[in-house]
Amino acid sequence: MDAQSAPASPIGMIARLRSVLGGSSEASVTKRLAGTVFIIRIVSAAMAYLSQILLARWMGGSDYGVYVYVWTWVLLLGSMMDFGISASAQKIIPEYRAGGQHALLRGFLSGSRWITFIVSTVVAALLACVVKLLSPWMGASEIVPLYIGCVTLPAFVVANTQDGIARSHDWMRLGLMPQFIVRQSLIIGFTAGAFALGFHLGATLAMLASAAAVWIAMIGQMMVLNRRLGDQIEPGPKAYDFRGWLAVSLPILMVEGFYLLLSYTDVLVLQQFRPSEEVGLYFAVVKTLALVSFIHYAMAATTAHRFAEYHASGDKARLSAYVAHAIQWTFWPSLAATVMLLALGKPLLWLFGPQFVAGYDIMFIAAVGLVVRSAIGPVERLLNMLGHQHICAMAYGLAFVMNVALCVALVPRFGGYGAAAATSISLTFETILLFWIVRQRLGLHVLAFGK
């Protein structure tokens, strides 16, 4: 995508590197933004990894397993309760800007956050009632953390919505740092303070710290986002197209929802069939491999709104070149990261505690699905941005059903090995299906190699 190649001399290579990182072409901008996203996720991963290590050592296996179980529910439900608006914002906002629909743009920037906050609050209250009804059949150590998880949900959902709005303006740091850096810092600070003061750091106290961190990070992000939007967009009348927003967002919600279900089914099924200690061990393996998925996330977060922009302008050649670029910069770094993590797997797992090294062999099984999935890059965002949300959701739904069936069949007998195998098989199936859909619908070759 860069127009010229620099000479193959040291000076030429330096000039080319400077051009790639500092140029104004789509490739240069994408690499810079994706690099920003990736660095944020790496720092966040290191902080999350540190926090999980500390919590595992401070809380003990059983309490840590309960915390992981509840926090997984928060991540899963909180990421689905925004109706897909956090993802569809990257399609809606560029289209409103390109069409000069300023009233609808202003309405979306405020209305999207209000609707997600109100609905998530109502749903959280209903979920608290469900916990109350089911409490006789739950473990005593799970009930209060689940209530705290319900309180956390509205702030988590609004933060996701604001993330999508910020990314649509290329404000990657504003979109991601509150959730991935500030929030993790607060969780570490709050739990470390409680531990230093001599409090018993169980699942309840850890969830209280996490809830406070989510709310504080979301409110701070809202204040900065409102100020920056005020500088970019002139005041004026607002128009609200709730029906249109939902028509775009709900199919994307299905895609995002099935993706999240596919990501968390293994942990949730493990909790039902295996002891909490085994859930914690498997979660440590998943966290260790998270670096691979961060690369995919970085490219998806950077490219989605540009897919929509190039499609709206009718520039098919530019779109095709940009898609190929995104796939290459997803697969090869993901492959390199996987090799590195597998080489360092044992010492990384040992940081959680000596008993967590037992999960090392599971890493190899879980890594297969991640590498295969990275071979087609962020094509789910491509389908969503180009109006093929429904068939993309169908592909993710089929992969999710396969994952549930395989987890239920394999986890009771094989534990974490079965969960990892089920997820890798499902991701491979999903990759093949998405490749075929893009080939048939868009006529594009979306594999990192071949023509």
Side-chain angles (χ1 to χ4, degrees), residues 1-2 20 25-27 30-31 33-35 37-38 87 90 252 255-256 258-259 262-263 289 291-308 310-311 315-342 364-400 402-403 421 423-451:
M1 296 179 62
D2 290 306
V20 168
S25 69
E26 286 90 349
T30 299
K31 289 169 187 174
L33 294 176
V37 173
F38 185 68
Q90 297 173 79
I252 295 178
V255 175
E256 298 288 326
F258 282 129
Y259 171 75
L262 186 61
S263 301
L289 286 171
L291 175 65
V292 180
S293 60
F294 291 166
I295 297 169
H296 183 279
Y297 178 89
M299 290 306 299
T302 306
T303 58
H305 61 290
R306 285 190 167 80
F307 291 155
Y310 300 157
H311 178 65
D315 195 341
K316 293 183 180 180
R318 193 179 187 187
L319 174 64
S320 178
Y322 194 73
V323 170
H325 172 78
I327 293 169
Q328 292 291 328
W329 278 84
T330 301
F331 175 69
W332 297 110
S334 296
L335 180 62
T338 302
V339 172
M340 179 188 70
L341 289 172
L342 292 176
F364 288 86
I365 303 173
V368 172
L370 295 175
V371 173
V372 171
R373 181 64 186 83
S374 70
I376 59 172
V379 296
E380 76 286 351
R381 300 298 178 98
L382 175 68
L383 290 169
N384 290 340
M385 296 300 106
L386 271 59
H388 299 281
Q389 307 97 309
H390 294 86
I391 193 167
C392 186
M394 184 183 299
Y396 272 77
L398 290 173
F400 164 66
M402 174 182 283
N403 194 24
T423 302
S424 285
I425 293 170
S426 302
L427 286 174
T428 301
F429 170 75
E430 172 201 297
T431 301
I432 295 171
L433 199 54
L434 288 175
F435 174 84
W436 179 81
I437 290 170
V438 175
R439 187 85 172 197
Q440 294 296 315
R441 291 293 183 95
L442 304 177
L444 297 176
H445 179 83
V446 289
L447 200 61
F449 35 84
K451 295 182 180 180

Roughly how far apart are [X] [atom1] and [Y] [atom2], rounded to 0.5 Å?
X      : Y      : atom1 : atom2 : value
Trp329 : Ile295 : CH2   : CD1   : 11.0 Å
Leu319 : Met385 : CG    : CE    : 12.0 Å
Cys392 : Ile437 : SG    : CD1   : 7.0 Å
Tyr396 : Leu433 : OH    : CG    : 10.5 Å
Arg381 : Leu386 : CZ    : CG    : 14.0 Å
His388 : Leu442 : NE2   : CG    : 4.5 Å

Would you check if Leu382 and Leu444 make a side-chain contact, meaning some heavy-atom pair closer than 4.5 Å?
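Side-chain contact under 4.5 Å: yes.
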Tell me the closest heavy-atom pair linking [X] and [Y], and the distance in Å.
X      : Y      : answer
Leu289 : Ala366 : CD1-CB, 3.6 Å
Ala375 : Phe331 : CA-CD1, 3.5 Å
Ala399 : Glu430 : CB-CB, 3.7 Å
Pro378 : Thr330 : CD-OG1, 3.6 Å

Evaluate the side-chain contact (heavy atoms from CB on, under 4.5 Å) criterion for residues Leu434 and Leu383: first the C-alpha distance (whole Å), next the side-chain angles of each, then the deciding distance (0.1 Å), finally the verdict.
CA-CA 9 Å; Leu434 288 175; Leu383 290 169; 3.9 Å; yes
Partner set under ring-ring contact (aromatic ring centres under 6.0 Å, His included) for Phe429, not counting sequence neighbours:
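ring-ring contact (aromatic ring centres under 6.0 Å, His included) check on Phe429 returns nothing, list empty.
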Which residues satisfy the side chain to side chain contact (heavy atoms under 4.5 Å, CB included) test with Thr431, sequence neighbours excluded?
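Testing Thr431 for side chain to side chain contact (heavy atoms under 4.5 Å, CB included), a comparison that skips the adjacent residues, returns Val372, Arg373, Ile376.
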Contacts of Ala421 that satisfy side chain to side chain contact (heavy atoms under 4.5 Å, CB included) - sequence neighbours left out
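Per chain and number, Ala421 pairs via side chain to side chain contact (heavy atoms under 4.5 Å, CB included) with Ile365, Leu410.
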Could you give me the CA-CA distance, side-chain angles and deciding distance for Asn403 and Leu427, then say whether side-chain contact (heavy atoms from CB on, under 4.5 Å) is met?
CA-CA 9 Å; Asn403 194 24; Leu427 286 174; over 6 Å; no
